[in-house]
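What follows is one structure encoded as structure tokens, with my remarks underneath.
Chain identifiers are assigned alphabetically (A, B, ...) following the order of the sequence lines, protein sequences preceding nucleic acid strands; residue numbering begins at 1 within each chain.
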Amino acid sequence: MRDRYALPPLPDAENGVVMRFAPNPSGPLHLGHARAAALNDAYVRRYGGRYILRIEDTDPKRVDPAAYETVPEDIAWLECAITETVFQSDRLETYYDYARRLIERGGAYLCTCENERFRELRQAKRACPCRSQETEESLARFEAMLAGEYAEGEASLRVRTDLEHPDPALRDFPAFRVLTSTLHPRVDATVYPLMNFSVAIDDHLLGCTHVIRGKDHIANTRRQQFIYDWFGWTPPHFRHYGRMGIEGVVLSTSEMRAGIAEGRYGGWDDIRLGTLRALARRGIRPEAVKRSMLAIGCGETDIQYSWENLFAENRQLVDPEADRLWFVPEPVTVEVTGAMPQVSRPLRHPGDPARGTRELGFDRVVLVPKDELDQDVSMLRLKDLFNVRMGTDQDRTRFTYAGDDLAEARAAHAPIVQWLPLGATLPCTLCRPEGDVHGVCEPAVAEKVDRVIQFERVGFVRVDSVGPDGVVAYLTHR
RNA sequence: GCUGCUAUAGUGUAGUCCGGCCAAUCAUGUCGGCCUUUCACGCCGACGACUGGGGUUCGAAUCCCCAUAGCAGCACCA
């Protein structure tokens, strides 16, 4: 039987691979990044080799300095087997050097045409005047560009491709531009390579054998091919997967940033966001994220992924480990008559009795979920305690002890309900994407900060914090 | 508009290269049942798809053509 997480084999991979995950440091990583990171990671683990984290920070306008911290953190959380980290901003001299070599080979020229003018010419499949310049002149003008003799927008180094190419996007695309209006947080530069140039140079120099990335890069792959051709290099094997959306979630860093700035979201780990930090905060395991991404694979079809699939992966991981505890949402105080004080000892985990029990003392008054009282039943089973008959006394619900026999409760189709003693509880807020629920929980929940537990009959939650106002927990999923 | 890619159940996915073993795989979901002092887990069962139309062929999810739909690119972003 086929492994659900198995990926198709890669060509020429038998002797190991060199792959890379190359994000733009513009913010924390999200599910979209996770797909690329997980796919590449899985192949490196399968074939052995190197896995490069390459920070693509050649556009200072798109660099968020904080991301130099958050991106490696996020990738570590995802447990990807990164073997080395490379910053493109450290490699500017290398790119300049290869630019000179490309010019010498006749593969690039320095263009000083106005943008709009160039676009018109390109559309018409016509060469711009700069295209015919001598190699020497291109070289000299490129040095002048590096020396700061051109202002922003005045010059760019273009790769000589094919003016007749049916796709105008591939005709003489730019490789370098001048950028002085925005300072780079890490380096002092005025000339930056464009993505297609730095990526082609780096993939070759770092020895990348296979590249897996989104299909939004298909045109870039063709552009990069021209660079490989000029240098006589063999390109890596490429594979492009389709666009992925997730129901109800924004996977755009800029949109998330705007939402945070406007106060619509509490931060990058707001549980309504698709960032890895938000998933972590909800109690989604990195392994569940990776498995989901591997199950999706690298098909070229666009997909609308469903949370259900991710949740199912996570539930499988979390269920055997999560201790069971009780949370009573919207608690109602009810007096129980006819029963002696006693101690109930529910199991910490029904599948693993060895983990022991916790103690809940019953003494006349209990807190039960409000919703349970609205049901059209006359009998209730207080879980791990006894049966009660529901009655009312002056508009208030009252319980009367109705025996210990579980079979009787089943026969009467009595709901089995979690409860808590009046005294020994902690206030608890359960945060869900649809809104918060207030209630009380067992005091033992306070020992579970940062862990995923199951609130029985409610769902899995991650205990986020314990403060003076009680416990804050996030609903992971049911 | 131009250039290109893709199209299997509610969702994701296998099968498509090399046509028959596919009345189409697996997971998830929904419903029902069993188990159970949780509405969880586990187990059993049911539901549910080859975008449409032509063609080639003894035979098409698979090959060809057309249509339709979606997506990507057409940035001095990555």
Output field: ring centroids A:F176/A:F142 closer than 6.0 Å: yes

A:F362 ring center near A:F386 ring center (under 6.0 Å): yes

In terms of side-chain geometry, is the basic nitrogen of [X] or [Y] positioned less than 4.0 Å from the acidic oxygen of its partner?
| X | Y | result |
| --- | --- | --- |
| A:D216 | A:R243 | no |
| A:R117 | A:E120 | yes |
| A:E372 | A:K370 | no |
| A:R355 | A:D323 | yes |

Of residues 184-194 of chain A, the positions that come close to RNA chain B - non-hydrogen atoms, cut-off under 4.0 Å: A:P193, A:L194

Neighbours of RNA chain B within residues 306-318 of chain A, by heavy-atom distance under 4.0 Å: A:S306, A:E308, A:N309, A:A312, A:R315

Distance-only side-chain donor-acceptor flag, A:R324 / A:H349, under 3.5 Å: yes

Within 45° cone of A:W419 ring axis and under 6.0 Å: A:R457 NZ or CZ: no

Within 45° cone of A:W326 ring axis and under 6.0 Å: A:R358 NZ or CZ: yes

hbond_proxy A:E247 side chain to B:rU11 base (donor-acceptor, 3.5 Å cutoff): no

Side-chain-base donor-acceptor pair under 3.5 Å for A:E372 and B:rC39: yes

Pick base, sugar-phosphate or nothing for [X], based on heavy-atom distances below 4.0 Å to the nucleic acid.
| X | value |
| --- | --- |
| A:R158 | nothing |
| A:N196 | nothing |
| A:P415 | nothing |
| A:H165 | nothing |
| A:Q304 | sugar-phosphate |
| A:Q454 | base |
| A:N115 | base |

RNA chain B base-pair string [pairs: Watson-Crick or G-U under 3.5 Å; |: paired with another strand]: (((((((..(((.......[.....)))((((((.......))))))...(((((..]....))))))))))))....

A:E116 atom CD, neighbour heavy-atom count above 12 within 6.0 Å: no

Positive for salt bridge (charged side-chain N to carboxylate O under 4.0 Å, His left out) with A:D172, one of A:R122, A:R160, A:K125, A:R131: A:R131

Short side-chain N/O contact to B:rA72 OP1/OP2 from A:R243, under 4.0 Å: yes

Gap in Å between the two C1' atoms, one belonging to B:rC41 and one to B:rU37, rounded: 15 Å

Worked verdict on A:E456 versus A:R478 for salt bridge (Lys or Arg N to Asp or Glu O under 4.0 Å): CA-CA 10 Å; A:E456 279 187 277; A:R478 293 209 55 122; over 6 Å; no

Most 5' of A:R478 and A:E300 on RNA chain B, judged by nearest nucleotide: A:E300

